[in-house]
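Report on the structure given below.
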Amino acid sequence: MLPTAPQHNGLSVARLIGYSLLAGLALCAVKGPDLIGIDPARQSLMHTLQGPSAEHWLGTDHLGRDMLARLLSGAQLSLALAALSVLTAALPGTLLGILASWYGGWTERLLTLFADAVLALPGLLLVLMLAAISPGSWWALYAGLSLTLWVEYFRYTRQRSRVILSEPSVEASRLLGFGATHIIKRHLLPEIGPGLLTIAAFGAATAVTAVAALGFVSVGIRPPTAEWGVMMTQLLPYWREAPFLILQPVLCLVVTVLALHLSVGVRRPT
Amino acid sequence: MIRSSGLWSALAGRASQAVLVAVVVGVVSFSMMQALPGDSAYRIAAGRYGYDMMDAASADVVRTELGLDKPTSVQLANWLGSLARLDLGKSAVTGNAVADELKVQLGHSLLLAGAGILVSLIIAVPIGIAAGLRPGGALDRITLGASIVLRAVPAFALGVLLMLALAVHIKLLPVAGFQSPKHLILPALTLGLGLAAVSSRVVRDAVSEAMAADWQLFSRTKGLSSGQTLRRHVLRNATLPVIAYIGVQLAYVIEGVVIVESVFAWPGIGHALVHAIFGRDVAMVQGTALALGLTYVVLNLIIDLCCHGIDPRRRSIT
Amino acid sequence: MLKALALTMVATGMLTSQISIAADKTQLNISSPWEIASYEPSVSGFAFYRLGVMETLVDATVEGVLEPGLATAWEMSDDGLSWRFSLRNGVSFHDGSPLTAQIAAAALQRAFANPGMLKKAPISAIEADQDDVVISLDRPFAALPALLTHNTTVIAAPAAINEDGAHIAAIGTGPFAVDTFTPPQSLDVKRFEDYWGDKAQLEKVSYLAAGRAETRALLAESGDADLVFSLDPSGYARLTGIDSVETRAVPIPRVVALKLNAGHSFLEDPRARNALSLAIDRIGIATAITRFPEATASQLFPPALDQWHSKELQPLKQDIEAAKALLAELGWVAGDDGILSRNDERFSLLLRTFPDRPELPLIAAALQAQWREIGVELNISVSSYSEIPAGHKDGSLHVALYARNYGLTPDPIGTVLQDFGPGGGDWGAMNWENTEVAQALQAIAATDDQAKRDADIATVVKTLQAELPLIPIVWYQHTVSVAKGLQGYVVDPLERKYRLNNISWSAE
């Protein structure tokens, strides 16, 4: 019973689905709002919390605004936030992690101390403070999230790399005279890649649910801006009355994370 | 970093980190609080008196009482000086000693966070191992799907769903509150499910990688049964990244409880920190941040010691 | 509590509801959104007062009629500058110590030194004189006894106060004494056997501050809490259909209003303020957001304040065309994006509001869309409510949205005088002054004879309706869910206290 060597056809189909889902989401975010042509801020107080209809395909929210229009316009902010915060957290986190384990010694000690200090400084404090310094700003939220998320990649990379770099096969490569690039490419990335991608795919969800969580403590984006996380918070009070409304942004996020997983999460270490 | 002979140096390292954290947290939180816009006397008065009673006159009372008109450098020096005497000062909003407030709140938060992590391990470890043994199998896919859904559902929505199912419909548990051990179950479950969504995948990846590793194949050819291989090699090697990941998770858990705390009316430190920041209660912000930071350092020391015991290779690495 | 806990532990596995019926017949669980931060009466007096731990010199009926509390009688001197309150005999605190005039006077002096209701009166001295408390005034203030019903004027025992003057315990004279207090979330009280008045039938009452409305609705639905206050509209609708609880909604004198900076160049003309008022769809807001269409505000003071609510006033209405016409009259012209401008200035305002009352940001979002219709751009800042008095003081405020309670005391004159008197108020008019109103308010404050007050009140409400220094939007309903089987609970429209000593469980 060998655990690896899965069917390559099945996997590429999954990846294909993942890619097309991602492309579809990106298209919706970019073109969708113009395509349906409904103002996501337009209210109708006499038609609130309605179910799907010909006029409002996905129903209306608590202020009678069109849910489809809001989900599409929210997709822009949410996807951009997810992509940016994952990238800006993963790249420096991974690079510093490899750097630390490669050089060891003082480099590693200093970087670890720095990472530990960041982690020990409550992330909530950073995010809330940045949000309070520039209230209602999207960039402050994003910067706060990214500042707290990179440490996860750093720690994971460092822990795993240390083990891998001390393995006999790596020693052999070194003895054979292969350079750092070769070892990182050939030995390190294939081993730590799947774990990092798992963290990254979930990181996208973390970013959006973090915005929801901040909205829950009344911090964040100003009305009438639509964003999936903010929508989740705003629709929570109506969760018994109109459960299909809060379900919609959650499902959008599920599809996004699923697409990310299908696209990246199924690569196996070779 | 840790040698088998160097347990003490590990302790010393964490101890110096603790001091560093204390100073950094104090200075950073103080200077960020100073950078916040708005007159803090107004914010503190708001936190104290509520919106029916709060006005400019009450803000003036607060300003004189707390000496907010003193230079900021004097205020910071005072805080660091008191900290050296292990005195965290008084909350500007409630007037109680910060240490007394923290005692109650940190205790409740640690209880909740600990229970949440326990729940997450109970769920994540068996599922992660089972899924990791057959990557790409049916169980792997189902649990991946469940993880994605759990991760995309915000904690407050999960919390109210669990309340509805377990407390309202089948009346097994209380909805909210903190007076009895039964009150702990729902918030811990809410927290644990969210954590298990990610940690089960980390376990699964670690196990599947360990299964694929060279020495695993080697031990199979050596004639060990698959059960023996699993116990002796795979789980042992898979534990390290999992424990390391819990170390990272801790930081999020300790603060992540803020949502769970407020949904379940659980008195905790996350809740206290949010209120303190809104209320510009500098002593309370510094106190809570310090408590969170030091808790994190201590828990990581425990994680270090665990890793140290598990992975013999770490002892040979400098 | 321990006994209840032990029972719960023994009976784990049994249905929780059965336990509560079997063991907790004399136990009541209350949940409300308000956290209890400390022992300080100026901060947490509301909770100690509502739960019957502490009492005030003067009490009031549910209808708002004053009645004796810790003082049995009170009288004003002929010149109106001195009030004498005769203290009740034989009252003891929860620690057994007796209530004296010295203790009561000291408690009121502390209350006057701290922010609170007494600040609204022109007090010059508070003294004890044998068995009486004497309060001297700088000028006549007829509503003084009404101020002494407020929870910031509760009388605490000297043992509860340390040498720095800080409250370190809650020792009062009420029908319930503090059992355990876990700030800010919960307070458990037990019956005080030596209470001077009607002793409570309940033995224990637990109060849980649950900040989220969703949580409170579920607490009511599951039966974990017997009395649940401040339900959100959606939760209220849901609970109305549930058999195990009864929901009640009572109009209270709390008003959601917009405070306008009448010194701002866009807002200084009453016509501009009227135009903004005419653009508001109050019925829509009251129907969709607060969900009590009957509480659409036609004027500032709600019918619950019957002496201040005028039936003669022309109700505030929505009329987009009239609003546009008024703004055009003031020289505003619509730009390319539909937003008005005048002398190269865009009609753009910043509204400050706060999330502590969840409906406020929603109403703000509705106003944003409605003012957009007449070409006014509204940006919204949801932050701490302290930004409103701060903006009032430094003059940077444009518009603020908040809920103002005119029923803090049975007689609202203290609050109204502060809001619309000379110089305006932090939670009232801004850069708006009207000598006629100011004089009328002084005259109202000086007398408690309703017949003499009526003409002046009419002047005040008529001017406020015409000039709109505050634009009223909706009135409030106080919503409560009461478990079936609970007897004697009466909803207090002033939200003053729960009157727990009148409550009991019906025998089944």
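Proteins come first, then strands; the chains are lettered A, B, ... in the order of their sequence lines, and each starts at number 1. Because the structure is a prediction, the values reported are computed rather than measured.
Interface remark: Leu208(C) contributes side-chain atoms only to the contact with chain B (heavy atom separation under 4.5 Å). Heavy atoms of Leu219(C) lying under 4.5 Å from chain B belong to its backbone as well as its side chain. Residue Asp100(B): no heavy atom, backbone or side chain, is found under 4.5 Å from chain C. Neither the backbone nor the side chain of Glu65(B) comes within contact range of chain C; no heavy atom of the residue lies under 4.5 Å from a heavy atom of that chain. Residue contact with chain C, scored on non-hydrogen atoms closer than 4.5 Å, involves the backbone and the side chain of Val263(B) alike. Of the two parts of Phe178(B), only the side chain, counted from C-beta on, holds a non-hydrogen atom closer than 4.5 Å to a non-hydrogen atom of chain C. Using a 4.5 Å cut-off between heavy atoms, Ser31(C) does not touch chain B at all. In this structure, the portions of Val160(B) lying under 4.5 Å from any heavy atom of chain C include both its backbone and its side chain. Interface remark: Ala166(C) contributes no atoms to any contact with chain B (heavy atom separation under 4.5 Å). Heavy atoms closer than 4.5 Å to chain C are found nowhere in Ala45(B), neither backbone nor side chain. For Ala56(B), the parts lying near chain C are the backbone and the side chain together; criterion is any non-hydrogen pair under 4.5 Å. Contact of His150(C) with chain B is made through the side chain alone, with heavy-atom distances under 4.5 Å.
We find that Arg357(C) and Asp232(C) are not joined by a salt bridge, their nearest charged nitrogen and carboxylate oxygen being 4.0 Å or further apart. A salt bridge links Glu221(C) with Arg238(C): the distance from a Lys NZ or Arg NE/NH1/NH2 to an Asp or Glu carboxylate oxygen falls below 4.0 Å. The pair Asp39(B)-Arg63(B) meets the salt-bridge criterion, since a charged nitrogen lies less than 4.0 angstrom from a carboxylate oxygen. The residues Asp419(C) and Arg404(C) are annotated as salt-bridged, a charged nitrogen and a carboxylate oxygen being separated by less than 4.0 angstrom.
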Task: Stepwise side-chain hydrogen bond (donor to acceptor under 3.5 Å, both in side chains) check, Ser396(C) with Arg352(C) - done: CA-CA 11 Å; Ser396(C) 63; Arg352(C) 300 186 194 191; 2.9 Å; yes
Task: Audit row: Arg43(B), Glu387(C), salt bridge (Lys or Arg N to Asp or Glu O under 4.0 Å) steps and yes/no - done: CA-CA 8 Å; Arg43(B) 292 296 185 99; Glu387(C) 292 299 312; 3.1 Å; yes
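Note on Pro389(C), Ser38(C), Ala403(C): by heavy-atom pairs under 4.5 Å with chain B, the leading option is Pro389(C). Put simply, of Ala210(C), Gly391(C), Ser186(C), the one with the most heavy-atom pairs under 4.5 Å next to chain B is Ser186(C). Comparing Ala167(B), Ser262(B), Ala57(B) by how many heavy-atom pairs each has under 4.5 Å with chain C, the most go to Ser262(B). For the set Tyr385(C), Phe354(C), Trp34(C), the count of heavy-atom pairs under 4.5 angstrom toward chain B peaks at Tyr385(C). Ranked by heavy-atom pairs shorter than 4.5 Å toward chain B, the options Thr182(C), Asp356(C), Asp394(C) are led by Thr182(C).
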Name the atoms and distances for all side-chain donor-acceptor pairs under 3.5 Å in residues 268-280 of chain B, with sequence neighbours left out.
from      : atom 1 : to        : atom 2 : distance (Å)
His271(B) : NE2    : Glu35(C)  : OE2    : 2.6
Arg280(B) : NH1    : Ile277(B) : O      : 3.1
Arg280(B) : NH2    : Pro37(B)  : O      : 3.1

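Scanning all heavy atoms of the two residues, the minimum distance from Lys259(C) to Ala429(C) falls at NZ-O, 4.2 Å.
Scanning for ring-ring contact (aromatic ring centres under 6.0 Å, His included) contacts around Tyr39(C) gives Phe181(C), with sequence neighbours left out.
Judged by distance alone, with hydrogens and angles left aside, the side-chain atoms of Ser222(C) form no donor-acceptor pair with the main-chain N or O of Val175(B) at under 3.5 Å.
Two residues are said to be in side-chain contact when any heavy atoms from C-beta on lie closer than 4.5 Å; Gln418(C) and Lys119(C) fail this criterion.
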